[in-house]
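Below is one structure, written out as structure tokens, with a few remarks after it.
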Protein chains: 2
Amino acid sequence: MPPRVPDLGEAELETLKTLWDGGPATVREVRQRLAQRGRKVAHTTVLTFLTRLEQKGCVRADKTGHAYRYRARVSRDRIVGSRVRETVKQLFDGAAAPLVLHLMEHESFSPDELAALQRHIDDLARQQEGRRPRR
Amino acid sequence: MPPRVPDLGEAELETLKTLWDGGPATVREVRQRLAQRGRKVAHTTVLTFLTRLEQKGCVRADKTGHAYRYRARVSRDRIVGSRVRETVKQLFDGAAAPLVLHLMEHESFSPDELAALQRHIDDLARQQEGRRPRR
DNA sequence: GCGAACCTACGACAGATGTAGTAGGCTAGG
DNA sequence: CCTAGCCTACTACATCTGTCGTAGGTTCGC
């Protein structure tokens, strides 16, 4: 439904993540969260991030007390989905399967993760079988 | 081994792709290939892309005849690998499994692709079994 | 030998992004 | 009340990227 997911810079995304993970917060708080994640920037820099995110429609600012409190207006899923799609498009011509293969070949998985993936893929396969033969 | 994979802009990546896919080429040829992919830009723009890619160490220019011929110096795998890693890091804190799950839930796969993925994942699982129990 | 065609080196420029300083306003404690 | 602190609105600026135009050298056909 939402018209379009705007492009976000790396720092902007990082900022948004602090809101998804820690809930609504003031500039000061966001700054602390960013610092914990290793991004140590000036107070006004954080304000800039938040302001730009607001212009892009990704966060909302509510006056509470003396300071504004910012909260995410787009879900993590939406952003993640669009970024992943973007990557798939750029690197694999839009085909997801090659990316999955790539990941299976170049990244490592714990036994648990592997089992989960197996289960998931089996489910997908079953769904498809159930749909195709059509009786 | 290579020190580092430099950051590439979207257009730069697109340009590199034409070299991977079609082999070494002149500015003129690269321009045509880009046009076919829907990116219609001026001759000098392509030259700029190629020049920047050269500065970043991604392509090499050989004087052949009157015009330079550019060829990729980094493999597609290296670039793809680093981009994927980057994405995984930014969106999933570096864990590949969640991305695979995400893809399985939000993207679609043909029966063939599904089968291939299944095979692949089973292989991985088998490998792990064989390594863990140790006899 | 000349002009047309082509080639590359530079310089430019706008927009996006990361980063920060300044200035002026509001708040709360004394 | 008045001051010390905190808050936000602006402005600024460097870099990176995508896009070109101009200018000057090279080549090739005639």
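Chain identifiers are assigned alphabetically (A, B, ...) following the order of the sequence lines, protein sequences preceding nucleic acid strands; residue numbering begins at 1 within each chain. What you see below is based on every heavy atom in this structure, not just the backbone, and it leaves out hydrogens, waters and symmetry mates.
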Any N/O donor-acceptor pair, B:T45 side-chain to D:dG18 base, under 3.5 Å: no

Phosphate-side-chain proximity, A:R28 and D:dC7, N/O vs OP1/OP2 below 4.0 Å: yes

Among B:T45, B:V59, B:L50, the one residue meeting side-chain contact (heavy atoms from CB on, under 4.5 Å) with B:T15: B:L50

Rounded interatomic separation in angstrom, taking CG from A:D7 and P from D:dC16: 19 Å

Any donor-acceptor pair under 3.5 Å from B:T26 side chain to B:E29 backbone: yes

SB check B:R119 B:D122 (cutoff 4.0 Å): no

Whole-Å distance separating the CG atom of B:L47 from the P atom of D:dG18: 15 Å

Note: A:R39-A:E10 ion pair, threshold 4.0 Å (strictly below): yes

Interatomic distance where CD belongs to B:Q55 and P belongs to C:dC10 [whole Å]: 10 Å

Value in whole Å for how far the C1' atom of D:dT15 lies from CD of B:E12: 13 Å

Euclidean distance, atom CZ of residue A:R31 to atom C1' of C:dA20 [Å, nearest integer]: 11 Å

Comparing B:H43 and A:A11 on DNA chain C - which has the more 5′ nearest nucleotide: B:H43

d(CD, A:Q90; C1', D:dG18) in whole Å: 14 Å

Sugar-phosphate, base or nothing in reach of A:Y68, heavy atoms under 4.0 Å: sugar-phosphate

Between C1' of C:dG18 and CG of A:L50, the distance in whole Å: 14 Å

For atom CD of A:E29 and atom P of D:dT8, their distance in whole Å: 11 Å

DNA chain D: 5'-proximal contact among B:K56 and B:K40 (nearest heavy atom): B:K56

From C:dA20, D:dT19, D:dG21, nucleotide with atom closest to B:T44 side chain: D:dG21

Evaluation steps, salt bridge (Lys or Arg N to Asp or Glu O under 4.0 Å), between B:R73 and B:E54: CA-CA 9 Å; B:R73 286 185 68 188; B:E54 191 182 12; over 6 Å; no

Phosphate-side-chain proximity, A:R39 and C:dG18, N/O vs OP1/OP2 below 4.0 Å: no

N/O donor-acceptor pair, side chain A:R52 with base C:dG18, under 3.5 angstrom: yes

B:T48 side chain near D:dT19 phosphate (N/O to OP1/OP2, under 4.0 Å): no

